[in-house]
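In this text the structure is predicted, and so the values were computed from the model without any measurement.
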Amino acid sequence: MASKLLRAVVLGPPGSGKGTVCERIARSFGLQHLSSGQFLRESLGGADGDCVMGGFDSILAASLPPVPAPFRCGACTGFPRTLGQAKALDGICELDLVISLNIPFETLKDRLSARWVHPASGRVYNMDFNPPNIRGIDDLTGEPLVQREDDRPEAVAARLRKYKDAAKPVIELYKSRGILYSFSGTETNKIWPYVYTLLSSKIPPIVPDEEH
């Protein structure tokens, strides 16, 4: 049987849970998860904008190793962030579907303000619903966690406004192509079953939903 290539993007504002959703997609469907945020932090020192496109081509190709036939799959979270990036991405690959997460502003503000990270790995903790075993310490390495400057309460509102302005034309672009699927809610665990059902209609899962 011929190999099928599926490429998906998960979009959402900061704190929307897109990283968690993409990790679950990767585990459930054998997709390779590519996090643009982690790529930017590790490879470009936090740079943003269309400068990422030069390295993204090879990164995307490397993120699609073979998985059991007949499917080869890849998923990216947090990219493209602008209309310019979306159009540049068209020159690299054709997306099969785009998942957009719609989370209320107040929920996002609370999530981001309670978020701490392990800088070296990008592991994220939330002090309200996903705290580390020891406060301020990464579970796996024992190294200290930090709160990013842009996760501090005073910076959150500006980040969300910036995302909304930049994301609107991107979302409209994919909506016009008929590949946009939007999911709304305040909890990732309640949104996830709908995402799982959508992906199950495209490719067979390798892990049952109840295992999450």
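L145 and L112 fall into different hydrophobic clusters, defined by Ile, Leu, Val, Met, Phe, Trp and Tyr side-chain heavy atoms under 4.5 Å apart, directly or through other members. In the hydrophobic cluster analysis, where Ile, Leu, Val, Met, Phe, Trp and Tyr join through side-chain heavy atoms closer than 4.5 angstrom, Y125 is grouped apart from V117. Put simply, M127 and V156 are part of two different groups of oily side chains (I, L, V, M, F, W, Y) that touch within less than 4.5 Å, one to the next. Linking ILVMFWY side-chain heavy atoms closer than 4.5 Å, directly or via other members, places W192 and V124 in two distinct hydrophobic clusters.
The backbone N or O of D138 sits nowhere less than 3.5 Å from a side-chain atom of T141 that would complete a donor-acceptor pair. Looking only at distances, a side-chain donor or acceptor of S28 sits under 3.5 Å from a matching main-chain atom of R24. With hydrogens and angles ignored, the 3.5 Å screen pairs a side-chain donor or acceptor of Q85 with a backbone N or O of R81. Without hydrogens or angle criteria, Q147 side chain to S113 main chain gives a donor-acceptor distance under 3.5 Å. Between the side chain of K18 and the backbone N or O of P13 there is at least one donor-acceptor pair closer than 3.5 Å. Under a 3.5 Å cut-off, the side chain of Y181 and the backbone N or O of V98 do not form any donor-acceptor pair.
One finds the CD1 atom of I103 at 16.0 Å from the NZ atom of K109 (value rounded to the nearest 0.5 Å). To the nearest 0.5 angstrom, R27 atom CZ is 10.5 Å from I25 atom CD1. Once rounded to the nearest 0.5 Å, the distance linking CD of E143 with OG of S121 reads 8.0 Å. Distance OG/S184 to CD1/I191: 7.0 Å, rounded to 0.5 Å. One distance of note links SG of C22 with CG of L11; it measures 10.0 Å at 0.5 Å rounding.
In this structure, D151 pairs ionically with R159, as a charged nitrogen and a carboxylate oxygen lie closer than 4.0 Å. Between D96 and K202 there is no salt bridge, since none of the side-chain N atoms of the basic residue sits less than 4.0 Å from a carboxylate O of the acidic one.
In plain terms, the two heavy atoms of G17 and L101 that are nearest each other are C-CD1, 4.0 Å. Taking all atoms of both residues into account, the shortest heavy-atom contact from T188 to S16 is OG1-O, 4.3 Å. Closest non-hydrogen pair, G30 versus I206, comes out as N-CD1, 3.5 Å.
Heavy-atom contacts from other residues, nucleotides or ligands closer than 6.0 Å to CD1 of I134 number 12 or fewer. Heavy atoms from other residues, nucleotides or ligands lying under 6.0 Å from CD of E94 number 12 at most.
Annotation: side chain of R123 is in contact with side chain of L140 (closest heavy-atom distance under 4.5 Å). With contacts defined as side-chain heavy-atom distances shorter than 4.5 Å, the pair F105/L108 does not qualify. Contact of the V21 side chain with the F183 side chain is not registered, since no non-hydrogen atoms from C-beta on lie closer than 4.5 Å. Annotation: side chain of L180 is in contact with side chain of S182 (closest heavy-atom distance under 4.5 Å). The shortest distance between side-chain heavy atoms of F129 and R111 falls below 4.5 Å. Contact annotation: the side chain of N126 never approaches that of P131 to less than 4.5 Å [non-hydrogen atoms, C-beta and beyond]. Residues L173 and L83 have side chains in contact (heavy-atom distance under 4.5 Å, counting atoms from C-beta outward). With a 4.5 Å cut-off on side-chain heavy atoms, L199 and P205 do not count as touching.
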List the steps, then state whether side-chain contact (heavy atoms from CB on, under 4.5 Å) holds for R148 with R115.
CA-CA 8 Å; R148 297 185 186 129; R115 187 165 72 172; 4.0 Å; yes
Full working for side-chain contact (heavy atoms from CB on, under 4.5 Å) between L95 and I179
CA-CA 8 Å; L95 295 177; I179 61 172; 4.1 Å; yes
R177 and D90: salt bridge (Lys or Arg N to Asp or Glu O under 4.0 Å), yes or no, with the steps?
CA-CA 12 Å; R177 295 179 180 177; D90 287 342; 2.7 Å; yes
Stepwise, does the side-chain contact (heavy atoms from CB on, under 4.5 Å) test hold for V195 with V10?
CA-CA 10 Å; V195 176; V10 179; over 6 Å; no
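Note: F29 and Y196 meet the aromatic proximity criterion, with ring centroids under 6.0 Å apart.
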